[in-house]
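Residue numbering restarts at 1 for every chain, and letters A, B, ... go by the order of the sequence lines.
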Protein chains: 2
Amino acid sequence: MTADRIKEIALKHFASNGYEGASLADIATDVGIKKQSIYTHFKGKDELFLSLLDDVLARELAFVLDYLESHKDLAVDQLLYGFLIQYQDCYEKDDNTKFFLRVAFFPPTHLYEVIVKKGYHYLDTLDTMLIPLFEQAIANGTISKEVSSSAATVAFLAVLDGMFVELLFGGVERSMKRIEASWFVYWRGIKK
Amino acid sequence: MTADRIKEIALKHFASNGYEGASLADIATDVGIKKQSIYTHFKGKDELFLSLLDDVLARELAFVLDYLESHKDLAVDQLLYGFLIQYQDCYEKDDNTKFFLRVAFFPPTHLYEVIVKKGYHYLDTLDTMLIPLFEQAIANGTISKEVSSSAATVAFLAVLDGMFVELLFGGVERSMKRIEASWFVYWRGIKK
DNA sequence: AATGTCCTGACGAACGTTCGGAAGGGAGAG
DNA sequence: CTCTCCCTTCCGAACGTTCGTCAGGACATT
């Protein structure tokens, strides 16, 4: 399907050049068609972009859901640390996260409201999935009672964002170094 | 000086629309001149942009330097926490950080090398300023000997980035919440 | 015959940029 | 004091390019 190839290529372009920086002509060239042919599959640039945004958010959530489901029997520290590592590995070469972060932080102005709405939905879902984990670990005694579940969640998401930032800016090896340090301090800060 | 007014306005535009999204015509309109007049003061868009980048990095470093200098007699935990708070306060309404982050993470491709070079210089300087603080605190016994000074520094910069991210995406009140949680866990993780 | 896909060709709009000239003020000479 | 020259600042008009978009036709598949 050509529509899928367009999406695939467009994701790369949006991820590395942003909404304004990505041109339909360049995308079409990479696909191997003329830019006018894109209009056979999408109404225009906005529809292509928003369709990609939905895909990206869905994939992002699916990954988290899948990971938590398939590792739910792990100890909470291994689960969380593994989550960081897997997230990094999984998206090392993928443009999904790059697209996601770029759009989340610097959305094209005329699509601001739609994007923010979708973004918050993602964040809320993430929160809902993580909170019970921490509550259980606190009840278990694995995590100190001095630490609230919400503080642990918020701080963990901050560690995650810190990883993203370094992943984007400095690449994998710098990001790995940051994960090691952040996780070491983080776990030392919440464990019993 | 018109050049300064152009810079001032251009900073806003670059910060909120990115390199490609900011147009010289819009900037000129906000300044109250025609876009051609910009060429009296700058060779072109690139020179304006790079000139702004230098200013932004210099201001960013100056702020850190100034803060550390004027609070060097504080206890390390108050110093670091205060640093987070002050950074947030200082740049709440300022476009400096927004410009900085946007450019750092998503640089315009044709200026990539120049930007990355300047960016790493900033990071290195920051590192050089922070490391001795942690070394001293570890020697003091304020921070646990189990924590290396480099791990504490790297993790602290991650906390800082986490704050930036939330500052950009969610605004001040969400960022404040994140700082509270992150700092609580961070300090609990490195203290003796 | 109908449908879906890709093409050629062209559109107006916006982009960064260049050029030539009009205004204005300051400096120096008469 | 005035005239002239220079220099800075700004703008009108236009440049070539690229942008997203639309209309219409060719060709294949069904």
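- For the pair B:Lys7 and B:Phe42, the cation-pi criterion (under 6.0 Å, within 45° of the ring axis) is not fulfilled.
- Here the P atom of nucleotide C:dT5 and the CD1 atom of A:Ile38 are 15 Å apart, to the nearest Å.
- Contact annotation: B:His41 side-chain N/O to D:dT8 OP1/OP2 distance is not under 4.0 Å.
- The nearest heavy atom of DNA chain D to B:Ile6 and to A:Gly44 marks one nucleotide each, and the one closer to the 5' end goes with B:Ile6.
- To the nearest angstrom, C1' of D:dC19 lies 12 Å from CD of A:Glu20.
- In this structure, B:Lys191 is not positioned above the aromatic face of B:Tyr186 in the sense of NZ or CZ being under 6.0 Å from the six-membered ring centre and within 45° of the axis.
- When rounded to the nearest whole Å, the span between CZ of A:Phe49 and P of D:dT21 equals 13 Å.
- A:Tyr19 has its ring centre less than 6.0 Å from the ring centre of A:His110.
- Atom CG in B:Asp26 sits about 10 Å away from atom P in C:dA14, given to the nearest Å.
- Rounded to whole Å, atom P of D:dG20 lies 13 Å from atom CD1 of A:Ile33.
- If you measure from atom CE of A:Met1 to atom P of C:dT5, you get 6 Å, rounded to the nearest angstrom.
- The residue A:Ser37 sits close to a base: some heavy atom pair falls under 4.0 Å.
- Considering only side-chain atoms of B:Leu24, the nucleotide from C:dC15, D:dC19, C:dT17 that sits closest is C:dT17.
- When rounded to the nearest whole Å, the span between CG of A:Asp4 and C1' of C:dT5 equals 15 Å.
- Between A:Glu146 and B:Arg188 there is a salt bridge, since at least one side-chain N of the basic residue sits less than 4.0 Å from a carboxylate O of the acidic one.
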| request: Report the C-alpha distance between B:Trp183 and B:Val159 in whole Å, list the side-chain angles of each, state the deciding distance to 0.1 Å, and finish with yes or no for side chain to side chain contact (heavy atoms under 4.5 Å, CB included). | output: CA-CA 8 Å; B:Trp183 173 257; B:Val159 170; 5.6 Å; no

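- For A:Lys34 and C:dC7, the shortest distance from a side-chain N or O to OP1 or OP2 is not below 4.0 Å.
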| side-chain hydrogen bond (donor to acceptor under 3.5 Å, both in side chains) assessment of B:Tyr81 paired with B:Gln86 | CA-CA 9 Å; B:Tyr81 181 72; B:Gln86 187 124 339; over 6 Å; no

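- When heavy atoms are screened at a 4.0 angstrom cut-off, B:Ala22 is found touching the sugar-phosphate backbone but no base atom.
- In this model, a side-chain donor or acceptor of B:Lys35 finds a partner on the base of C:dG16 within 3.5 Å.
- The interatomic distance linking A:Gln36 (CD) with D:dC19 (C1') rounds to 12 Å, in whole Å.
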| What one-letter contact string describes nucleotides 24-30 of chain D from 5' to 3', where B marks a base within less than 4.0 Å of any protein heavy atom, S marks contact via sugar-phosphate atoms alone, and - marks no contact? | -------

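- Tested against B:Glu166 for a side chain to side chain donor-acceptor pair (under 3.5 Å), the candidates B:Gln88, B:Arg174, B:Lys177 yield a single pass: B:Arg174.
- Remark: A:Thr2 is in phosphate contact with C:dC6, judged by side-chain N or O atoms under 4.0 Å from OP1 or OP2.
- B:Thr40 comes within contact range of at least one nucleobase, with a heavy-atom separation under 4.0 Å.
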